[in-house]
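All values below come from the heavy atoms of this structure, side chains included, with hydrogens, waters and symmetry mates left out.
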Amino acid sequence: MATGTVPGPGKARGVFSAGRAQIAEKTLRTDNWRASPIFMAVILGIFVVYSGVRLFMNDNYYAAQEHYLTPMYSPCISEACVEGSSDFGTWLPDLGTGVPIAILAFPILTLFRATCYYYRKAGWRSFLLSPQACGVPEPWKKYTGESRFPLVLANWHRYFWMGACLLLLINTFDAFKAFEGVGDGIGMGVGTVIMWVNLIALWMYSMSCHACRHILGGQLKHFSKHPVRYRIWKFISKINPKHGDWALISLFTVIATDAYIMAVSAEWISDFRFFN
Amino acid sequence: MSYEAHFRVWRGDIDGGALHDFTVEVNEGEVVLDIIHRIQATQAPDLAVRWNCKAGKCGSCSAEINGWPRLMCMTRMSIFSPEEIITITPLRTFPVIRDLVTDVSFNFKKAQAVPSFTPPKELQPGEYRMQQVDVERSQEFRKCIECFLCQTVCHVIRDHEENKPSFAGPRFLMRIAELDMHPLDVADRKDLAQDEHGLGYCNITKCCTEVCPEHIKITDNALIPMKERVMTRKYDPLIWLGRKIARRS
């Protein structure tokens with residue numbers, strides 16, 4: 001017979017609450033349940049640090065010869081943007097060295113990812129520990145989830161999704177522009193391929209979004225009266241189960257694309273051209 | 001191939017209990033429930049365990065196996081190595097009655113609180129007509145066998161007893177979603193889901209989906225779509241503004 005110490009009546013909460021089976025262990029899981037939340041925390045931490053540094057760098061975001069604009073700075077709409085990077089006008093004044101040029105795109109993309117259902121799951125598990133893993137008690141005495149301000153605002157995800165889709169259209173323009181040759185004509189380099197891989201990953205991530213699925217068809221009660229929207233909903237429902245995968249893949253492709261364009265722009269490396 | 005497995009089974013009642021060790025024979029093709037029955041037959045005849053169909057369809061033999069909520073009848077012994085110590089406890093979210101049997105009446109009370117299917121008043125039974133495309137979404141949720149593993153694993157009530165009055169749990173939020181998506185249901189369930197059944201407590205960590213023995217995509221197909229519907233009703237600023245303007249005009 002094995003015995004353990006069950007918390008006393010004053011401390012009894014959660015799985016130790018009165019009336020439940022008195023088991024001393026918080027969890028009896030024997031698998032490596034810590035690995036997943038730690039892995040996710042590391043990945044998200046890397047992205048936050050990288051994007052934070054890049055946000056305030058305000059440099060090396062446009063490879064002028066190759067016409068590569070990093071998605072982190074697109075659209076570049078500040079008067080401080082380097083020549084050739086502002087295809088959509090410069091309608092924001094130069095706000096000085098301490099203010100990020102990507103002041104429009106960055107908040108939209110950050111809020112889109114922060115309120116994404118997949119990242120919410122990851123954040124709750126890895127940072128808020130509610131719960132770290134299934135069947136593992138969380139450390140907090142109280143929990144109200146997303147029922148109160150400010151977390152209830154996560155429900156505005158659909159608006160950030162719409163904003164992100166507009167930015168994605170601009171990213172698509174940028175990806176086509178990456179076919180412009182060095183000097184003149186049509187060209188294609190490694191950077192073009194990287195930008196297109198990133199673009200596909202971003203479109204898959206955005207189109208498999210739960211809010212997108214709801215807006216384009218899920219909100220309907222009668223699919224039979226809306227056959228086109230039903231087909232769209234069915235398509236999104238097919239890619240939606242992989243939304244989490246696309247969320248992570250696109251995270252890495254954004255970093256890779258930005259890092260590559262930064263390296264080309266800073267002339268740390270030269271872009272290999274397939275044709276020019 | 002047979003071998004001797006080491007089991008730890010929680011035995012006790014509301015006044016206390018402990019994990020008891022058993023060494024028991026395991027044969028090829030057996031499931032955990034077979035081993036529990038062997039312990040009952042050979043070593044602990046008074047071991048209390050709830051079971052019925054042995055086919056994963058009645059939802060009776062829910063327990064926690066190595067800390068993971070599972071149906072004992074659907075957990076093959078072949079997923080464990082012969083050296084592994086297998087720990088079986090009752091569900092740790094509900095009050096224990098005895099040994100592996102828990103009082104799951106919380107779930108029945110929550111079920112009663114969900115208004116039943118409400119067809120249009122002008123339709124009489126026998127006059128319901130609907131198309132397959134309109135009902136197939138809800139049909140996924142009808143696979144639920146009410147084993148309450150999703151309720152057990154949900155941290156909102158597992159870790160917070162005080163949330164039980166205000167949170168229905170994934171099974172019944174899924175039921176609300178099922179009815180809200182039903183083409184002939186006319187009841188308004190969005191305010192109810194958020195205000196009475198605590199949909200906002202759900203932080204979509206997907207444990208309910210992970211433990212579902214019927215592989216229902218509870219979070220992706222029921223809870224998140226329901227959250228989106230509630231969003232439209234209660235938190236969408238543009239729709240709120242549109243309603244205000246419409247009322248004035």
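A cation-pi contact, defined as under 6.0 Å to the ring centre and within 45° of the axis, is absent between B:R92 and B:W10. The cationic atom of B:R175 (NZ for Lys, CZ for Arg) does not lie both less than 6.0 Å from the six-membered ring centre of B:F172 and within 45° of the ring axis.
Looking at B:D220, both its backbone and its side chain come within 4.5 Å of chain A, counting heavy atoms on both sides. Using a 4.5 Å cut-off between heavy atoms, A:Y143 contacts chain B through both its backbone and its side chain. Looking at A:Y118, neither its backbone nor its side chain comes within 4.5 Å of chain B, counting heavy atoms on both sides. Contacts of A:V152 with chain B are made by side-chain atoms alone, with heavy-atom separations under 4.5 Å and no backbone atom involved. Contact annotation for A:H222: both backbone and side-chain heavy atoms come within less than 4.5 Å of a heavy atom of chain B. Looking at B:Q132, neither its backbone nor its side chain comes within 4.5 Å of chain A, counting heavy atoms on both sides. Residue contact with chain A, scored on non-hydrogen atoms closer than 4.5 Å, is absent for B:L199. Neither the backbone nor the side chain of B:E64 has a heavy atom closer than 4.5 Å to any heavy atom of chain A. Both the backbone and the side chain of B:D185 come within contact range of chain A, with heavy atoms under 4.5 Å apart. Heavy atoms of B:C154 lying under 4.5 Å from chain A are absent altogether. Residue contact with chain B, scored on non-hydrogen atoms closer than 4.5 Å, is absent for A:I215. Neither the backbone nor the side chain of A:S237 comes within contact range of chain B, judged by heavy atoms closer than 4.5 Å. With a threshold of 4.5 angstrom between heavy atoms, B:R11 does not approach chain A through any atom at all. With a 4.5 angstrom heavy-atom cutoff, B:T219 does not touch chain A via any of its atoms. B:Q131 touches chain A through its side chain: at least one heavy atom from C-beta onward sits under 4.5 Å away, while N, CA, C and O do not. For chain A, the nearby part of B:F94 is the backbone; its heavy atoms alone come within less than 4.5 Å. Proximity to chain A is limited to the side chain of B:T87, based on heavy atoms less than 4.5 angstrom apart. With a 4.5 Å cut-off on non-hydrogen atoms, B:P183 touches chain A through its backbone and its side chain both. If you measure heavy-atom distances from B:D15 to chain A, the contacts under 4.5 Å come from the backbone alone. With a threshold of 4.5 angstrom between heavy atoms, B:E210 approaches chain A through side-chain atoms but not through N, CA, C or O.
The residue among A:L28, A:L128, A:N240, A:T27 with the most heavy atom pairs within less than 4.5 Å of chain B is A:L28. In terms of non-hydrogen atom pairs under 4.5 Å with chain B, the most contact-rich of A:S17, A:P131, A:G218 is A:P131. Considering only heavy-atom pairs separated by less than 4.5 Å from chain B, the leading option among A:A18, A:A122, A:S224 is A:S224. Across B:C202, B:G198, B:C207, the residue that shares the most heavy-atom pairs under 4.5 angstrom with chain A is B:C207. When B:V96, B:D134, B:T102 are compared by the number of non-hydrogen pairs under 4.5 Å with chain A, B:D134 comes out ahead. Ranked by heavy-atom pairs under 4.5 Å with chain B, the first of A:R125, A:Q219, A:K142, A:H243 is A:R125. Taking B:I97, B:L91, B:V211, B:D180 one by one and counting their heavy-atom pairs under 4.5 Å with chain A, the maximum is reached by B:D180. With respect to chain A, the highest number of heavy-atom pairs below 4.5 Å among B:K234, B:M181, B:K227 belongs to B:K227. Taking A:C134, A:P137, A:A154, A:A133 one by one and counting their heavy-atom pairs under 4.5 Å with chain B, the maximum is reached by A:C134. For the set A:R120, A:K221, A:K225, A:K141, the entry with the most heavy-atom pairs within less than 4.5 Å of chain B is A:K221. Contacts with chain A were tallied for B:N66, B:T152, B:N203; B:N203 has the most, counting heavy-atom pairs under 4.5 Å.
Between A:F223 and A:Y230, the ring planes are tilted. Angles from 30° to 60° get that label. Note on ring orientation: taking the six-membered ring where Trp is involved, the planes of B:F117 and B:Y128 are perpendicular (angle over 60°, cut-offs 30° and 60°). The aromatic rings of A:Y117 and A:H157 lie perpendicular to each other, with more than 60° between the two planes, well past the 30° mark.
For NZ of B:K217, the number of neighbouring non-hydrogen atoms (other residues, nucleotides, ligands) closer than 6.0 Å is 12 at most. Within 6.0 Å of the CZ atom in A:F235, the count of heavy atoms belonging to other residues, nucleotides or ligands does not exceed 12. For A:R231, the CZ atom sits in a loose shell: 12 or fewer heavy atoms of surrounding residues, nucleotides or ligands are nearer than 6.0 Å. Within 6.0 Å of atom CH2 in A:W156, 12 or fewer heavy atoms from other residues, nucleotides or ligands are found, so the atom counts as exposed in its surroundings. No more than 12 heavy atoms of other residues, nucleotides or ligands lie within 6.0 Å of CZ in A:F39, so this atom counts as exposed by the packing criterion. Dense packing is recorded around NZ of B:K143, with more than 12 heavy atoms of other residues, nucleotides or ligands lying under 6.0 Å away. Counting non-hydrogen atoms of other residues, nucleotides and ligands closer than 6.0 Å to CZ of A:F252 gives a total of 12 or fewer.
At a cut-off of 3.5 Å, with distance as the only test, no side-chain donor of A:W124 or A:E138 sits close to an acceptor on the other residue.
One distance of note links CG of A:N198 with CG of A:L251; it measures 10.5 Å at 0.5 Å rounding. B:K110 contributes atom NZ, which lies 7.5 Å from atom NE2 of B:H197 (distance to the nearest 0.5 angstrom).
A:S126 places a side-chain N or O within 3.5 Å of a backbone atom of A:P37 that can act as its donor or acceptor partner. No donor-acceptor pair closer than 3.5 Å links the side chain of B:R189 to the backbone N or O of B:M226.
A 4.5 Å side-chain heavy-atom check between A:F173 and A:P75 finds every atom pair outside the cut-off.
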